[in-house]
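The next block holds one structure in the form of structure tokens; read it before the comments.
Naming convention: chains lettered A, B, ... in sequence-line order (proteins, then strands); numbering from 1 in each chain.
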2 protein chains.
Amino acid sequence: MWLFNQPPRALLRERYNFEITEGFLQNLQRSCVRFNSGGSGSFVSKDGLLISNHHVGADALHKLSSTGTNYLRDGFYARSRQEEVPCLDLELNVLQSIEDVTERVNAAVPKEASAETAHEARRKVIAAIEKESLDSTGLRSDVVTLWKGGAYHLYRYKRYTDVRLVFAPEQQIAFFGGDPDNFEFPRFDLDICLFRAYENGRPASTPHFLPVSPSGPREGDLVFVAGHPARTGRLLTVAELAAVRDLTLPTRLSWAKQREVLLASWSARSAENARRAADSLDGIRNGRKARDGQLAGLLDPRLFAEKTAAERAFQARLQGTGQFPDALRAYEQIADSVRAASGQARRHLLLETGFGFVSESFGIARTLLRAAEERAKPDGERLEEFSESSKASLELELFSTKPIYPDLEILTLGDSLTLLASELGSGDPLVMKVLNGKSPEERAAELVNRTRVREVVFRKQLYAGGSRALAQNPDPMIELARLVDAQARSLRKNSEAQDEVRQQAHAAISRARNALAGTNSYPDATFTLRLSFGTVAGYDENGRSVPPFTTLGGLYERSRSMGNRPPFDLPERWVKRKSRLNLDTPLNFVSTCDIIGGNSGSPVVDRSGRFVGIIFDGNLASLPWDYHFSQEQGRALSVDSRAIVHALAKVYNTKDLVRELVPGYR
Amino acid sequence: MWLFNQPPRALLRERYNFEITEGFLQNLQRSCVRFNSGGSGSFVSKDGLLISNHHVGADALHKLSSTGTNYLRDGFYARSRQEEVPCLDLELNVLQSIEDVTERVNAAVPKEASAETAHEARRKVIAAIEKESLDSTGLRSDVVTLWKGGAYHLYRYKRYTDVRLVFAPEQQIAFFGGDPDNFEFPRFDLDICLFRAYENGRPASTPHFLPVSPSGPREGDLVFVAGHPARTGRLLTVAELAAVRDLTLPTRLSWAKQREVLLASWSARSAENARRAADSLDGIRNGRKARDGQLAGLLDPRLFAEKTAAERAFQARLQGTGQFPDALRAYEQIADSVRAASGQARRHLLLETGFGFVSESFGIARTLLRAAEERAKPDGERLEEFSESSKASLELELFSTKPIYPDLEILTLGDSLTLLASELGSGDPLVMKVLNGKSPEERAAELVNRTRVREVVFRKQLYAGGSRALAQNPDPMIELARLVDAQARSLRKNSEAQDEVRQQAHAAISRARNALAGTNSYPDATFTLRLSFGTVAGYDENGRSVPPFTTLGGLYERSRSMGNRPPFDLPERWVKRKSRLNLDTPLNFVSTCDIIGGNSGSPVVDRSGRFVGIIFDGNLASLPWDYHFSQEQGRALSVDSRAIVHALAKVYNTKDLVRELVPGYR
């Protein structure tokens, strides 16, 4: 997960005799696309055509669907550019430049200040840097915290907000095998989705793009993955990791499983329920399986023993030099901070993160409430999501015309109010105010039925009118958000102060590490562009050798062996057109590339920078990679470019699309 | 939920002009059958034929099935008595007599003793009473605690342990609509299962049985339900109820939902997985939906306000008389005891109840370990499940040849060890000993693969050999049970002492209530035979009137409207033989009878004591009945006797069976 401004030149030279050029890097960087909704992708033609995963596009497909039209389940193909469907609130980011602003950020933070003051000063200078950059370049400008506080880099992105759907296969082939086969290998998924970026009403010109290789990769090939891994915790101290293992992961898992049961049982009640909840339920199931694997990894005492030994060895080394008292102190500070934060962690998740009020309506209501308060403040004093540099993205999301389903809102809000009451106790004063003398379900129904925040016009009116408009248009959901806000903000303030403590401590550790071990390392993932590399390679599992490729023939065989029952059934097109296919075509492959959630949709490129596949998953053994990378059994899963081209041509008859991807095809 | 020895004569006379006779009561009592595995049933012929629910019989059907034979899913019909299949470890109980032993029990408990001493004395006298009764009558003899300590009655049962499967429909029609329609009405389920009790290798002679009415009940009819409601908490004080709402139910629900996700996702991986986990998964889903409804009821502040007002009013009345200082003090004692128990509740559930070690193997291992220790003690000093009076039932279960699936064992044990580590913390000394330096999954695999407790011969050998045999045959699962046992026993001891405190307190309240309000009330449910009554009646739901009956025609219509998709698909037989059916035949009906979990399979009888239906569920509004009974919308659901007879004759061609149920049919 290397930074594009600090690529692993020496490593690549030594291990693979590969000289990474500026041209290679620059074309890859500018071809890569970040889905602001979560995920990665890449341009694959000069006319703004881009490819990502079906499960990354699912959010957009879900928002475009309605009772009559189910793009998520049934797929879509625009036979002409006129048929390409504008997505509702999709923002894509393409990285243009990176600038190190560490010195400026740290210089603005007074020494010996309280954590709270330090955090405020840091927030202020970051807002100023972002705003200056936005004003001077017009580009989206984010200051990113790296090495958990060791460095601050300014990332500038070109934004695309007119993004149109070009092609999606049926979910049944994109996510063949469903939850049972998720994070498993061998695998047989055509997990792709194609969009086109537009500018000024016309397809964007994208001179930087990845030419699609119709010949895919071979076993043993060196391949690169460029994408946006969301978050790792590999640099966490043992104290932090223990809190993840014993508190954060179990809590999140327990709540996610409760929501999974809720949505699964509601979905079973009707096909329309299933359609409405599908995107949420898929996401929850995916997160559940991922976190189960992460927790299993952290509960393996060998992983912890290794982490502990490494930490102790490093501390001993620090001690030996006598030069890094602040780094040694940092471990204690982090442990203290973890303890301080743990006591409030569940309340924070419920009230501030919002697990107590799960619904689109509450999210909108809180944004409206806070926008009124925050936008009245100077830029540098606002909560970061209301800064001037975040304004455009915030408004894109806030004013989205995406469908919101009151029945689903009542269901999830009622369930999460039940969780709130169970976790904090029905006698908690805030819980009693929130429920207002009603049962959770009744209160949820009242709030959802009476709020007007689902009307976009109403949102715009309140947003423009600020606090006065809120006072003139009392809305029950906004009043609920207001009721909770004092405690929620106070929890956030404390939590941000603890983050600052840990950030400073990690900065000290980072300085010591760089001084002792050099700067040849990569920071934890931060949903920013990273480069990883590896080879196409199978692995051994319980003495069984798993080869690196699966084929289209394997897909049909898997379906047959599972009785063609959901989720192992095939779309009608695939059944009918089987005879047109070369069943030896590689479908999925595994590589040793380092990936993590957020990398979904990342292009896999070969030595010459050609697109040979697309990341869509990792295997079970890769799940602990969030906290510890190991290539022993862990593998990244990709769809092979050969299967993509072959299926588009033979199953979907998308000849124009194929020719745009592979000029001169057939 | 009236006691058979204190039936509501006056109420029935006043409200329904019905004179309940000894003959009516005695025939009903002796026709009723308790499934020791949980559930109710009744004899419906003089030759030991008995009917219960498919979901009550599910445990037996599951145990009789194997990879090739799926009785649970596919159903079964014995065309002759020779084909009737002996169940593996099914024990049925038929109540013969009830004796009030309150005075003897209380006299044996020293006044002013510590809770622990009092509990031991109570345990001792109860064991003695049971043993004496068993020796003198040969009948299963259980002393039952009623009114949470207000009275002790000795129940004597005839035991049947040679029980054979006669008929089961396909699960798809027994549980049509599955989880989505569970606890809902209108409903369309043929939730029945027929067994035959045998004695000395021949069909038992059962002169007391319920004649099946081929004409069912009519709207407005007075009907009776006799069965074995498992457990209610209607007499809980407000302090106890608050703990159920804020601690017990949320904890159990959260854990059950986690297990549901585990089993559902494992089941999706293959048809054989699904078969192996089906009975557990159905049970968990049923319990989850029931508890969700109970929690929703308790989170309705009106229910609590009502309970609180009633408690305060009663306390004021007590205060007014000046005669019941012990009853007034009892409320405080209960509240203190609840607080004392709450701190240890989760640890108790994990270590003693066994939620940390979910697997058949662990249960067997613990029984073997404890049997060796307990059987060496005098009867009155043993844990109650090892008393002489429980011996036969314990051995029936312990030596069952039921199938145990190692893969499923590893799955559930691994998951529950993960829960254990998450709940108690990975650094908890006992957790560390339990995991023994391995990850939960690895440890589970090691334990399940190496234990021999799945071999019945090994179990018998260890059970017979006691502590010495255990020492000579060290088994890893038994050693795990031993590792946990000191803490588990200590938690149980504390918990039993707290139970004693509350039992004495409730006895004081009960005495005061009887003195002030008379004894015309029923105690909370205790999985003993109870009588309830009501009328066949629809209800209003959100202004919509729900009629009391559904029909066979409604079944086909429901299936069609849900696209015939699982769980709304129909068994092939039902599709093919539709034309043979009178579609107007009533299928399910609702009544105002008071039922609860454990009542499943209870006969519904009319004024003349004829079988007119069988209880199989309650509607959503009935779920809070565990804590508060209301006939406003809550209803009991039954299968109509007309549908049973019609389906057996027309869909299943079980002519002999029909003639045994309805002599002279057609």
[X] portion near chain A, given a 4.5 angstrom heavy-atom threshold:
X: B/Arg288; value: side chain
X: B/Phe304; value: neither
X: B/Arg302; value: side chain
X: B/Glu423; value: neither

*Can you name the nearest heavy-atom pair linking B/Asp246 to A/Ser426, along with the distance?*
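Closest pair (atom of B/Asp246, atom of A/Ser426, distance): OD1-OG, 2.8 Å.
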
*Work out which heavy atom in B/Pro301 is nearest to a heavy atom in A/Ser439; give both atom names and the distance.*
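Shortest heavy-atom separation between B/Pro301 and A/Ser439 comes out as CD-N, 3.6 Å.
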
*Which one of A/Asp415, A/Thr418, A/Leu424 has the most heavy-atom pairs closer than 4.5 Å to chain B?*
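Top option by heavy-atom pairs under 4.5 Å: A/Thr418.
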
*Any side-chain heavy-atom pair from B/Ser422 and A/Leu295 closer than 4.5 angstrom?*
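Answer yes - side chains close enough.
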
_Is there a side-chain contact between A/Arg269 and B/Asp181 in this structure, where contact means two heavy atoms from C-beta onward sitting under 4.5 Å apart?_
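Yes, side chains in contact.
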
Segment of [X] engaging chain B (4.5 angstrom heavy-atom cut-off):
X: A/Glu260; answer: side chain
X: A/Asp292; answer: neither
X: A/Glu184; answer: side chain

*asked:* For the CD atom of A/Glu441 and the CG atom of B/Leu299, what is their distance to the nearest 0.5 Å?
replied: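 If we round to the nearest 0.5 Å, A/Glu441:CD and B/Leu299:CG are 9.0 Å apart.
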
*Between B/Met562, B/Arg245, B/Met432, which residue shows the highest count of heavy-atom pairs closer than 4.5 Å to chain A?*
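With the most close heavy-atom pairs to chain A, the winner is B/Arg245.
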
